[in-house]
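First up is the structure itself, then whatever we jot down about it.
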Amino acid sequence: MYWRLILLNVLSGFINCSADINREKAERLMAETPLIDGHNDLPWQMRQLFNNELEKMDLNTLEKTHTNIPKIKAGHLSAQFWAAYVPCESQYKDAVRQTVEQIDVVHRLCRLYPDDLIFATSTDDILTAFQQNKTASLIGVEGGHSIDSSLGTLRMFYNLGVRYLTLTHSCNTPWADNWLVDTGKDTAINNGLSDFGKELIKEMNRIGMLIDLAHVSEKVMNLVLELSNAPVIFSHSSAYEVCNSKRNVPDDVLKRVAQKKGIVMVNFYNDYVTCQKTANLSNVADHFDHIKKVAGHEIIGFGGDYDGVTRVPKGLEDVSKYPDLVAELLRRGWTDIEVKAALGNNLLRVFKEVEKVRDSMSSVKPYEVPIPYADVVNPCRTMYGYPPQDNAGSMVSLGLHLPVLTLLLHGTIVWLF
Amino acid sequence: MLFLNPLQSLWTAWQSQGCTVTSLLVIVLLPWSSSTSVEQKTLDLMRREPLIDGHNDLALQLRINYNNRLSTIDLHNLSKTHTDIERLKAGHVGAQMWSAYVLCSSQDKDAVRLTLEQIDVIKRMCSNYEELELVTSSTAVRETKKIGCLIAIEGGHSIDSSLPALRMFYDLGVRSLALTHTCNTPWAETSSSIHRVYQRDISLTEFGKEVVKEMNRLGMMIDLSHSSVSTARAVLLISRAPVIFSHSSASAVCNNPRNVPDDLLQLLKKNGGIVMVNLYNRFVACGKKANIATVADHFDHIKKIAGSESIGIGGDYDGARG
């Protein structure tokens, strides 16, 4: 009887030692290579909780969110793409203004916490921040509805530091279809991507904006993987074969991502990890294992979706828990190279290549043909700038004359006064 | 540019709008010297001191005529506009505040997006042509060897009552915002009666005051052209920085609501600000026809009331027709 107890104690001690060794190794690897997470919705929480009045909160002590500064430090979060997200309900209304406000939130957070956060827009910036022991703060705009079908707006967002655009959130844009189309809960209107959508992809390549395929339909995934001259990302999506949510990436697409040398940054949301309301850290590691098996370790990254979802796995309750996940990967036999690839080297490779493609296209003129007016006509959109003949085929045939007359009248009045 | 005799020279100059300002300076200097030496003096002066014009709506014309498709035109020579690069050079324009203007009918609709597109077209224009250079500071304006491009938004409706939008416009390089165009915003009052929106008893609300303070904090010039006199007075009371009227003239010479009355000119003098004289016929002559002498009267008047340090030029080319 006693010898069983002794054996049990020795075994558990051995297991604990192993766990401690893996945990220590995880911390060491994370001190050598930056952990770059693809998607965190803290800016959205700032709007929800404080209406973007950042002076009303202290990120050092904030308890209501998955993310605060002590947790960032404990989690060795060295770089983060903060999501500038606005809801689909704002499409055709004030999406652009709201998105600008979310971009402003990230800028202000960096100014308010300069010892811990540093605004970043390039691979060099990420590495510099890592050397300074600060978290490089990048911006991803989550949803094509944020640019209101406007190439000028896309370019100006890039000027403001935005470095990825998720082509859709959970709604179609006039030029790209979203993942709900694959569930039957929405209807495709673009057959994937419209002609304007295809031009948008080229413009994103030209300016160096990372193309994010989280939230898009499978057709869009495949079209973009074919069209894009630069590698693409999935900022927060997991493996479809492990959990068959249409938000996740099927195996054939994973292989195409590998051919294109892109990246899939694994989402921690329970519903996309286990397809159920509950999950644990090991379930998340299963996604890492699967993607590595099917497409290789060079396309994997971390895209937690913290502060964007309500249900996160046991063991990954907040951004301080990343080292535990890394330790689990090590326990499963991941090599140092494979772990470092997933932590940040894969994303750095992708981002560097996107920058290279941008630089190689520096003599290409900006794409400037606007989306056909018929594709975007709605009560909150003026037809300002479109010649009257562009309105052929518009559904609002009666209302057409009013905008034209209004434009002429206003033009005349401006000149009179 | 050759001048055969003074009168003929002036008429030729008036017809060639790019040389209008040169002609203005000629007429100002005429009483004191022969025309040839005045012309020489004018050109020497303009070569040494860059002319900075406060307001040009070329970007509006690019939208109306070409839907911002710069690849379809050559900005060196345009037939449909007052402005092109050749004429800017002939007029010795050293720097231009380009107006990123969107119609009042876009207020509460797509004004923000349209404004971003106008900023985009100005930036593309200024980076596509080697004669132009985007500048965002007084130092850069002084030091550029090219025609400096400044970006100015014409109308508070462009920020959709959003201080973050104001800040992000500043980050994009915008350095001036006219608080209104011909429509009230929810927080400031226009001088115009065209649009009957946001009509309130108060000309600058508490939020409007916050906009002014934020503009001071950022370093964004406050442009009071198009604002009502009450709004202008309210701003002059609280602004810590000098303000501008980017394209307005003198009410005492032509009593139009777009112009600046003498009491405001006096407040402006104390503020250290500037009125950049608009060349539009209806604002200089209160009628359809005007000539260079009429414009010069505005310069003389403003100099008399507020001093020469309060005057500039804001032609309103490609915004005003006539």
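In what follows, chains carry the letters A, B, and so on, assigned in the order in which the sequence lines appear, proteins first and then strands, with residues in each chain numbered from 1. Note that the coordinates shown come from a computational prediction; the quantities given were computed from them, not determined experimentally.
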Problem set entry | CA sep, side-chain torsions, deciding dist, call: Lys123(B), Met156(A), side chain to side chain contact (heavy atoms under 4.5 Å, CB included) | CA-CA 10 Å; Lys123(B) 288 182 121 176; Met156(A) 292 302 96; 3.9 Å; yes
For this session: Starting from the C-alpha separation in whole Å, work towards a yes-or-no answer on side chain to side chain contact (heavy atoms under 4.5 Å, CB included) for Leu172(B) and Leu160(A).
Result: CA-CA 7 Å; Leu172(B) 287 172; Leu160(A) 289 173; 3.8 Å; yes
Problem set entry | Arg124(B) vs Glu368(A), side chain to side chain contact (heavy atoms under 4.5 Å, CB included): CA-CA, chis, key distance, verdict | CA-CA 11 Å; Arg124(B) 285 192 287 126; Glu368(A) 31 175 43; 2.5 Å; yes
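A distance of 11.5 Å separates OG of Ser161(B) from CG of Asp94(A), quoted to the nearest 0.5 Å. Atoms OH and CZ, on Tyr367(A) and Arg69(B) in that order, are 7.5 Å from each other to the nearest 0.5 Å. The OG1 atom of Thr382(A) sits 4.5 Å away from the CG atom of Leu114(B) when rounded to the nearest 0.5 Å. Taking OH of Tyr384(A) as the reference point, atom CG of Leu103(B) lies at 4.0 Å (rounded to 0.5 Å). Expressed to the nearest 0.5 Å, how far CD of Glu117(B) lies from OG of Ser150(A) amounts to 3.5 Å.
Two residues are said to be in side-chain contact when any heavy atoms from C-beta on lie closer than 4.5 Å; Arg167(B) and His107(A) fail this criterion.
The shortest non-hydrogen separation linking Pro370(A) to Asn67(B) is CG-ND2, 3.4 Å. Taking every heavy atom of both residues into account, Pro164(B) and Asp104(A) meet most closely at CB-OD2, 3.4 Å.
In this structure Glu206(B) satisfies the side chain to side chain donor-acceptor pair (under 3.5 Å) test together with Lys209(B), sequence neighbours excluded.
For the set Leu62(B), Leu116(B), Ile159(B), Val121(B), the entry with the most heavy-atom pairs within less than 4.5 Å of chain A is Leu116(B). In terms of heavy-atom pairs under 4.5 angstrom with chain A, the leader among Ser106(B), Ser71(B), Gly173(B), Ala111(B) is Ser71(B). Ranked by heavy-atom pairs shorter than 4.5 Å toward chain A, the options Asp57(B), Val102(B), Asp108(B), Thr72(B) are led by Val102(B). Of the listed residues Asp171(B), Leu70(B), Ile119(B), the one with more heavy-atom pairs under 4.5 angstrom with chain A than any other is Leu70(B).
Within a 6.0 Å sphere centred on CD of Gln199(B), heavy atoms belonging to other residues, nucleotides or ligands number more than 12.
For the 3.5 Å distance criterion, the side chains of Asn128(B) and Lys365(A) fail to qualify, holding no donor opposite an acceptor.
For the side chain to side chain contact (heavy atoms under 4.5 Å, CB included) with Asp110(B), the qualifying choice from Arg381(A), Lys93(A), Arg97(A) is Arg381(A), the only one to do so.
Interface residue Asn68(B): only backbone heavy atoms are found under 4.5 Å from chain A.
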